[in-house]
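Step one of this worksheet: look at the structure below.
We number each residue from 1, following the sequence as shown.
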Amino acid sequence: MNIEKIKQALNKKFKQENGRIVFWLDVDNEFNDLVDTLELESNYDDTQTIHIDALSHFEVKYRIELLEPNTAFLLYSNKKPSEPTRDWLYDIRLYAEEFFADRSSMILNEIGMKMEFRSVIAKYKNFFNSDQRTARLLKVLPPNSATEQQLELALIAATLKLDTATFTSILQTLLSKLSDDFDSDSDSDSDSDSDSDSEEILAELDKYNLTSAFWSFANSEMGYIVESKEDDEVKRSPTLQDFTVKLLFTECYQSLLNSNCTNDDEVVSRFKAHLLPIPTLEQIEAGYSADRIGLNSPRRAQVVSFISQLRESRSYQDQYNKLAHRIETDYEIASKLKLVERADKLTQVETFEFADKQLSVLLAKNIDTYDQEELNAIVAHRLETHWCHVKPESADTSYTSVYEAIKTAKQLFTLKAKYIDGLNFDSAKSLYRAYESDLYQFDSAYRSFTEHANYVAHHGSDILKKLKLVDTIEDLYVNWYLHDLAIEWGKHVDNDQLLEKWNIPGVLRQSDFYKNEVERIFQTSQVKRVFVIISDALRYEVAHEVHEQVNKQPRSKSTITSQLGVVPSYTQLGMASLLPHKELTAHLGNDVKYKADGLSTHGLENRNAVLGKYQGMAVKSSDVLNWTNEEGRKAVADARVVYIYHDHIDAIGDKSATENSTFEACSDAIEQVKLLIDRIINKLNGNRILVTADHGFLFKSSELQESDKTPLSVKPVGTVEAKKRYLIGQQLPEESFYWRGSLATTANLSSNGDDAEFIIPRGTNRFNFVGGAKFIHGGIMPQEICVPVLRIEHLKTTKQKSTAKQKVGVVPLTNGLRMVTISEKIPFLQTNAIGDDYKERQLGIWIEDQEGNLLSNKAPVLFNSTSTNSDDRTRSVILTLNGASFDRTATYKMIMWDTEQDDLYATHSVTIDLAIQDDFDDFF
């Protein structure tokens, strides 16, 4: 025994607040010779040692209380005290300190715990053979009045070298090691005799007799029990892998119940064999079964909370994925979840990746049974769930893209249903206006669907093709929408003699862009400089997405309109038309050249010269993005008008090698144009910006058929320039299968140049398939000639508040929120529809107490409904409480947190009154 430690421990006792008298009980007579040699110190005048067994206790009492009140005493005894009624020193014992010098007691002294835990310390004595372990214990042990359970958790945590002594942190560490074991299993080519990481940890706990304590916590916290039959025919020991299986099965089971499944559903019954808590044999004989542990089991709520937190944790997310994939494979989860036949019975399930696969299949197969808002709500919810934010183990798909493809497919079906009687319009003007306000959404939804479907296919999955969704959408878009639109538009082009006047009442012409758009700004405001972004082939529906995204920003306001593009709708003519000019002329030679007031319009340098006559300049978008702040401001300092040329869509789409990436290029272009707008506002101090294009385009994903080609076996005499979608020349022939027109009419060219004519195939046809043929422009379809114009204004602070879109409001649908079960579905109303005045709101919702302690899971939910029907704008979240000890008289808080702003949106009072308790509470 270390004498110095005994001395230090005694002195520590004497220096406590009530440390004048210390009783030392030494029933084994180990320290009789030692006790008188100790040099003791206290806060009193003197410190004395009394062998109380050799004296009258009354005499001792008299000396302590009356004769020497300023002396500290160590009262040493080898005999257990008498009963209180016969013990003269009993009243002194009540306020005095106790000291024991056996090993367990010394340990308790060292860690600052009461002597009542001596038996607990003795149980784990091997742990304390290391000063290093003891030091780790002191770091994680709660101060002052630690309980036996807290001590055991701290012992386990110290063994595992953790900084936090909670069962959650301990179990997270063990499951992390188990996931590493699974990795090792899958990577190993041969059997190994070495222990796994998780087995080594459990062996470490077993070394210090802590294994049973761990499983005891697994039982008390989450209900994990393994029963052995009395006849020992079947004997099972608890294992970490079995525990993990039951944890995930239980969370999945609960999620199925939350998703409208019932105990009668076959899929639910397939999960019951592995649920937590598991009833004991006595419980089963008494009539209890796993079926009776339902929504209101506190332990089940703890399981759901733990697995949910593990899945959402940045530190443990990868480990969770490994565990889930292994269990999904070993326990054939796919065969179980395939039994679900309705998507609404899977909407809350996140445990296993296959839930998303099955849910997406059910949505696609039954897409006609959902209205748009219902499907949008399901997709919005699933996009916030786990497997949409991690790379699937098999890397065979992206669930985000699958869900987005299904949603946009539904949009196309909904749009078609709106025109169930066909695309019927009374004039070219009414059809053009319909395209501008509504029909463009066909192109937008098709682009979105195709982009997401391509992403899924490129990652090795054919799920959308297997479900026939790709073929169905292609048929709808190409063989119905484009086909019928081409026929209806062509009819009005002929009937309205559009090519003979090229004018639609109320629609500005592209050739007047500078006068109508740029000069208008200078005439109506104090603006000193206008920036014009011209993005090659930025068709109307793509620009519309730029418009929507700009309006989500509080500092900018965008309005969108269109202008009637020139024909043929191709780059050189469109770019020339957008420049300032008094007259525009065409000059035919080996090819076609255009001039604005006698200056060539081809190439950046020539366009810069044209703009120079109007105090303007031309620059490439890449230069603008590469400028430093100083370089940019210096470059535009003397310019009244800055034309910025951006080319991404046309650069990708107009090449046979890359045309299949057209829609991906559109998404990139949207981001690039937005970046240009931000750069102009933030770096170049621009307040007024125009965004437009030279032309639009047509695109379809499917391979071209011979019927897509307009026969033109020989290039007509007089042709100067021949492309897939148009020919330009003089004295061109006239045939019924194509249109012929004059550039003087369709591009407002001056007669001072050559008399240029064009021919273009009717509808969406091509003259030839040379080069890329899926991406085309040059013709007269609305997608080619409805050229966008975005008018963007940088708002001053006062205007930002009055014109910026507000986020939609969100309120609970029930007054006086009350939770009567551990898990509750709470409905919310989105008070406004997404539109011109309101934008979406992303919330995280949870329950906490008045001190801010988290009491439930955090449920993410996106409120983004565009419906004007309030019934369509409801969203529900499922909140599961952690534990079951709640005061029904207390008021708790439901937090509604705006995740985009990272700020509190609203709070609502919640009463928690768990009327029904766990069926098994009496057994634990």
Side-chain angles (χ1 to χ4, degrees), residues 508-536 538 556 558-559 561 563 566 571-585 593-647 673 676-694 747-750 752 787-794 796:
L508 301 176
R509 296 177 62 169
Q510 188 180 27
S511 55
D512 295 325
F513 169 79
Y514 191 85
K515 177 181 67 177
N516 291 332
E517 299 297 339
V518 179
E519 288 186 354
R520 176 189 60 81
I521 295 175
F522 289 124
Q523 291 169 2
T524 59
S525 67
Q526 298 296 318
V527 174
K528 295 180 180 180
R529 186 179 297 115
V530 174
F531 291 85
V532 179
I533 300 172
I534 302 173
S535 183
D536 202 329
L538 186 78
S556 303
S558 172
T559 57
T561 185
Q563 55 190 352
V566 296
T571 299
Q572 297 302 337
L573 182 55
M575 292 295 186
S577 300
L578 294 169
L579 288 167
H581 61 269
K582 292 183 174 61
E583 68 170 12
L584 195 65
T585 54
K593 300 294 184 184
Y594 298 101
K595 293 183 179 180
D597 302 329
L599 298 177
S600 172
T601 62
H602 296 255
L604 187 69
E605 186 175 340
N606 289 326
R607 293 168 191 165
N608 194 57
V610 172
L611 285 162
K613 296 172 63 176
Y614 294 82
Q615 293 181 257
M617 62 178 290
V619 63
K620 293 187 295 185
S621 61
S622 57
D623 290 338
V624 174
L625 295 175
N626 289 329
W627 281 338
T628 65
N629 292 0
E630 184 179 353
E631 288 172 341
R633 289 168 185 170
K634 184 177 179 180
V636 304
D638 298 327
R640 189 166 178 259
V641 180
V642 181
Y643 271 43
I644 301 170
Y645 290 93
H646 172 258
D647 182 11
V673 171
L676 280 170
I677 293 169
D678 290 342
R679 187 63 55 89
I680 291 168
I681 291 172
N682 298 324
K683 307 298 184 182
L684 303 181
N685 295 330
N687 292 320
R688 291 297 184 94
I689 305 167
L690 297 170
V691 179
T692 189
D694 49 352
N748 198 25
L749 297 187
S750 167
N752 289 330
V787 177
V789 177
L790 271 62
R791 300 164 180 166
I792 299 171
E793 180 182 357
H794 177 226
K796 295 180 181 179

Donor-acceptor contacts under 3.5 Å from residues 607-618 side chains, at least two apart:
residue : atom : partner : partner atom : Å
R607    : NE   : T601    : O            : 2.8
N608    : OD1  : A618    : N            : 2.7

Point-to-point distance, once rounded to the nearest 0.5 Å, from CG of L790 to OG of S556: 11.5 Å
For H581 and A596 the tightest heavy-atom approach is CB-CB, 3.8 Å
Quick check: do N685 and V636 have side-chain heavy atoms less than 4.5 Å from each other? no
Measure the CG-CZ distance between N626 and R679 for me, rounded to the nearest 0.5 Å. 8.0 Å
Applying ring-ring contact (aromatic ring centres under 6.0 Å, His included), can you list everything that pairs with F522, at least two apart in sequence or on another chain? none
Between atom CG of N687 and atom CD1 of I792, what is the distance when rounded to the nearest 0.5 Å? 12.5 Å
Only one of V789, T692, L573, V787 passes side-chain contact (heavy atoms from CB on, under 4.5 Å) with Q510; say which it is. V787
Just to verify, what does Y645 make a ring-ring contact (aromatic ring centres under 6.0 Å, His included) with, not counting sequence neighbours? none
The reported gap from CG in N516 to OG1 in T561 (rounded to nearest 0.5 angstrom) is 10.5 Å
Under the criterion salt bridge (charged side-chain N to carboxylate O under 4.0 Å, His left out), I'd like the reasoning laid out for E631 against K634: C-alpha separation, chi angles, the key distance, then a yes or no. CA-CA 5 Å; E631 288 172 341; K634 184 177 179 180; over 6 Å; no
Is it true that a side-chain atom of R529 and a backbone atom of G686 form a donor plus acceptor pair closer than 3.5 Å? no
Exam field: side chain D623 to backbone V619, donor-acceptor pair closer than 3.5 Å: no
Minimal non-hydrogen separation, S511 against A747, with atom names: CB-O, 3.8 Å
Could you pull out all residues at least two apart from D647 that satisfy side-chain contact (heavy atoms from CB on, under 4.5 Å)? D536, D650, A651
Output yes when a side-chain donor or acceptor of D597 lies under 3.5 Å from a complementary backbone atom of K582, and no otherwise. yes
Between CG of N748 and CG of L584, what distance do you get to the nearest 0.5 Å? 8.0 Å
Restricting to non-hydrogen atoms, name the atom on S535 and the atom on A693 that form the minimum distance, rounded to 0.1 Å. O-CB, 3.3 Å
Note: V566 and S577 closest approach over all heavy atoms is CG1-OG, 3.2 Å
Exercise: identify the closest heavy-atom pair between R509 and Q563: O-OE1, 4.0 Å
Heavy-atom closest pair, residues H602 and K593: NE2-CA, 3.4 Å
Flag side-chain contact, heavy atom, 4.5 Å: K528 against R640: no
Here's a test for you: under side-chain contact (heavy atoms from CB on, under 4.5 Å), which of I534, L579, L508, L690 qualifies with F513? L690
What pairs with S621 under side-chain contact (heavy atoms from CB on, under 4.5 Å), at least two apart in sequence or on another chain? I644, H646, L676
Taking atom CD1 of I680 and atom CZ of R688, what is their separation to the nearest 0.5 Å? 14.0 Å
With sequence neighbours excluded, residues passing side-chain hydrogen bond (donor to acceptor under 3.5 Å, both in side chains) with Y594: Y570
